[in-house]
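Here is the structure we will look at.
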Amino acid sequence: MGYRIHTGLDFQRQERREFMLQQRPARFMKRCMLTLFLLLCLGALLLRPRAWWYDQLSVLGAVLLLGLSIFALRPLAAFLSGMERWTLWALLSGICLLVKSCWVFLVRVPLAGDYSVFWGYATQMEQWGLVYGGRYMALFPHLYGYASFLAGCLRVLGTGELTAQWVNVLLTICSGSFLFFLYRRDLRRAAAVYLLWIVCPSQSLYNTLVLSEPLYTTLLLGFLLLVSLLEEKGEQTERPVRLGLLTGITAGVLLRWCNMIRPIAPILIIALLLWRLLLTVKERKNRRLWKIFLVTVLVVYAVSGPVADRQVSAMAGEPPASVPGYSVLVGLNQSAGGSWNQEDGEALALADSRPGATAQTVQEEMWELAKNRACLGEMDHLALLTEKGKTFLGRDDACVLYCEEGLSHHIRYQILCNGFWCFTILLAAVGGALLWRREERSWLLLAPLYVLGLTLAQMLVEVAGRYHYSLLPMLLLMGVWGLFEIKRDKKERI
């Protein structure tokens, strides 16, 4: 009997030793990734605007918000967590509807630029089932994704003055709900992240525009929620093949739909693969489930690509371009800081006016111009990346510029938006630092991976302030996780 007990203990020690050995590479990779994330947060804070007196007020506001989140938001979230889950979700969703509706009623912005293009395509699809001037859609196929979705909403809700804005409000409630249920096991965090999403000023301003950011961000959060559910249910399932296939098909469709609206799905796929293959300890129990899930996601995403292209072709009247030449060309324009500019717009128009030009040949010509610009040797790459970093991460007041005709106090809104943005980055940095110390390896690691991936991608192509919209919920997820780890960290040190 004693011999058996001794043998069993030896076996347990050996298993523990093997587990620890497996854990070391994953821990190292995770800490490397989070170190990069923390450096990115530091860079974003250093790149913030400093030219005007109100830029300093934004920093002061961020520090004040950080204090309020610790001494007011945490107690409030703890109080709300005493409610039943679905009651709390309904209450927060009602508050979200009320707050976002007020912004839509109070801020009216005339259609212009890309927003009028989205609206024009959507109304044409709703009325006639086709679009006039499909070349522009073929050049930039992601226009089809949001325009077709909005056209479907117009058929159901009607072509009212604020239909698109009300759709944005509904999408905001959906994305807030996804944030809430991502933290379904901890109602304090669930309440806190939903409340921060509700009070985010730039998000409220973007709701007053006709744009795709609310839609693809909702799909992105839906994908995260699906992965978190798979991680939770995978520990209990007795049918890993069925669960892996069903969730894989759903995730693949979500990613393809997201990519039709904004080409960010490859970032999510790379983040998912890095998380499962490098940042988590391989558990024998769930290995089969995750293999099936990952393979299914990749197959569904790949197979659905030609289907999506055929839909765009049928609507635009020609095959969509497969090369992002124009976006790369604009991203390499140092004089414009990698943002939209008249010079590259005229180059696009010239290429499009050539006899026999197609969307593909136009984008290929833009690609050649981009390669020539990159190889000339006259570009200061560090200066260009710095300017693009300032536009993408340094501030969050681009929405004020987009909505300036509907706002009366621009500086006030700039302070609000930039202050909340700085606060979000500070809170996310706290979460990243605490996550660096913890053994947490859940779906939460996908948030910093996505932030790093999207930032890297934007440094290669055209950049604009609104393109970091989808980073906001990721930073909030990181920040709220850290907000409720601070107290635990203090207790452990005592």
Side-chain angles (χ1 to χ4, degrees), residues 33-51 54-70 73-74 179 189 192-193 195-206 213 217 220-221 267 271 385-400 413-436 444-459 463-486:
M33 181 272 292
L34 288 172
T35 300
L36 291 174
F37 174 76
L38 291 171
L39 289 172
L40 184 68
C41 290
L42 176 62
L45 294 172
L46 292 175
L47 291 171
R48 65 179 178 79
R50 295 183 177 85
Y54 52 81
D55 293 327
Q56 310 311 318
L57 279 182
S58 298
V59 179
L60 206 60
V63 175
L64 179 63
L65 284 171
L66 190 61
L68 285 173
S69 67
I70 295 172
L73 180 60
R74 281 202 311 185
L179 288 169
R189 288 188 171 107
V193 75
L195 285 170
L196 288 175
W197 185 241
I198 290 169
V199 300
C200 178
S202 63
Q203 197 283 324
S204 299
L205 283 175
Y206 280 122
E213 272 70 16
T217 300
L220 187 159
L221 292 172
I267 299 171
L385 290 176
T386 301
E387 286 303 313
K388 294 179 80 170
K390 286 179 181 178
T391 303
F392 186 64
L393 293 174
R395 59 199 311 156
D396 192 34
D397 58 1
C399 54
V400 179
Y413 290 107
Q414 285 180 302
I415 294 171
L416 279 173
C417 294
N418 287 334
F420 192 88
W421 175 249
C422 287
F423 155 71
T424 303
I425 292 173
L426 283 171
L427 197 61
V430 171
L434 291 170
L435 192 58
W436 194 92
L444 184 62
L445 293 179
L446 289 171
L449 281 169
Y450 176 76
V451 172
L452 289 168
L454 184 63
T455 303
L456 179 62
Q458 288 298 155
M459 294 303 103
V463 71
R466 75 175 188 271
Y467 293 167
H468 73 219
Y469 179 100
S470 61
L471 295 187
L472 275 164
M474 299 298 176
L475 294 172
L476 290 177
L477 286 169
M478 291 285 293
V480 165
W481 185 88
L483 186 63
F484 290 91
E485 285 291 304
I486 296 172

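No hydrogens, no waters, no symmetry mates; every other heavy atom, side chains included, goes into these values.
By the side chain to side chain donor-acceptor pair (under 3.5 Å) test, Arg189 is found to be paired with Asp186, Glu485, residues two or more places apart in sequence or in another chain being considered. Take Leu40 and apply the side chain to side chain contact (heavy atoms under 4.5 Å, CB included) test, not counting sequence neighbours, and it matches Leu393, Val451, Leu452, Thr455. Under the side chain to side chain contact (heavy atoms under 4.5 Å, CB included) criterion, Ala271 pairs with Leu446, Leu449, sequence neighbours left out. Residues passing the side chain to side chain donor-acceptor pair (under 3.5 Å) test with Thr386: none are found, sequence neighbours excluded. For Phe423, the ring pair (Phe, Tyr, Trp, His ring centres under 6.0 Å) criterion is met by Phe420, not counting sequence neighbours. Take Tyr467 and apply the ring pair (Phe, Tyr, Trp, His ring centres under 6.0 Å) test, not counting sequence neighbours, and it matches no residue. Residues passing the ring pair (Phe, Tyr, Trp, His ring centres under 6.0 Å) test with Phe37, sequence neighbours excluded: none. The side chain to side chain contact (heavy atoms under 4.5 Å, CB included) test applied to Leu46 returns Leu42, Arg50, not counting sequence neighbours. Every residue meeting the side chain to side chain contact (heavy atoms under 4.5 Å, CB included) condition with Ser470, not counting sequence neighbours, appears here in chain and number order: Tyr216, Thr217, Leu220, Tyr450, Leu454.
Of all heavy-atom pairs between Phe392 and Ala464, the closest is CD1-O, 4.2 Å. When all heavy atoms of Ser202 and Asp396 are compared, the closest pair comes out as OG-OD2, 2.6 Å. Heavy atoms only, all atoms of each residue included: Leu416 and Pro201 are closest at O-CG, 3.6 Å. The minimum heavy-atom distance between Met478 and Pro448, with the atom names listed, is SD-CD, 3.4 Å. Here the closest heavy-atom approach between residue Ala192 and residue Val480 is recorded as CB-CG1, 4.1 Å.
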N/O donor-acceptor pairs under 3.5 Å from side chains in residues 429-436, not counting sequence neighbours:
unit_1, atom_1, unit_2, atom_2, d
Trp436, NE1, Arg31, O, 3.2
Trp436, NE1, Thr35, OG1, 3.3

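A distance-only check finds a donor-acceptor pair linking the side chain of Lys388 to the backbone of Gln458 [under 3.5 Å]. A distance-only check finds a donor-acceptor pair linking the side chain of Arg74 to the backbone of Leu483 [under 3.5 Å].
Each of Leu65, Leu195, Leu68 was evaluated against Leu73; a single residue qualifies, Leu195, per the side-chain contact (heavy atoms from CB on, under 4.5 Å) test.
Residue pairs meeting the salt bridge (Lys or Arg N to Asp or Glu O under 4.0 Å) criterion with at least one partner in residues 465-478, sequence neighbours excluded, are Asp114-Arg466, Glu213-Arg466. Within the structure, side chain to side chain donor-acceptor pair (under 3.5 Å) contacts touching residues 414-432 (residues at least two apart or in different chains) are Asp397-Gln414, Asp397-Asn418.
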Should Leu445 and Met33 be marked as a side-chain contact (heavy atoms from CB on, under 4.5 Å) after you check the CA-CA gap, both sets of side-chain angles, and the distance that decides it?
CA-CA 9 Å; Leu445 293 179; Met33 181 272 292; 4.1 Å; yes

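With rounding to the nearest 0.5 angstrom, the CD atom of Glu387 is 9.0 Å from the CG atom of Leu47. Here the CG atom belonging to Leu196 is positioned 12.5 Å from the CD atom belonging to Gln203, to the nearest 0.5 angstrom. Atoms SG and CG, on Cys422 and Leu66 in that order, are 11.5 Å from each other to the nearest 0.5 Å. How far SG of Cys41 is from CG of Leu426: 8.5 Å, rounded to the nearest 0.5 Å. Residue Cys200 holds its SG atom at 6.5 Å from CG of Leu476, rounded to the nearest 0.5 Å.
Within the 4.5 Å cutoff, no side-chain heavy atoms of Leu475 are placed close to those of Leu427. When side chains are defined from C-beta on, Arg395 does not count as touching His468, because their heavy atoms never get closer than 4.5 Å.
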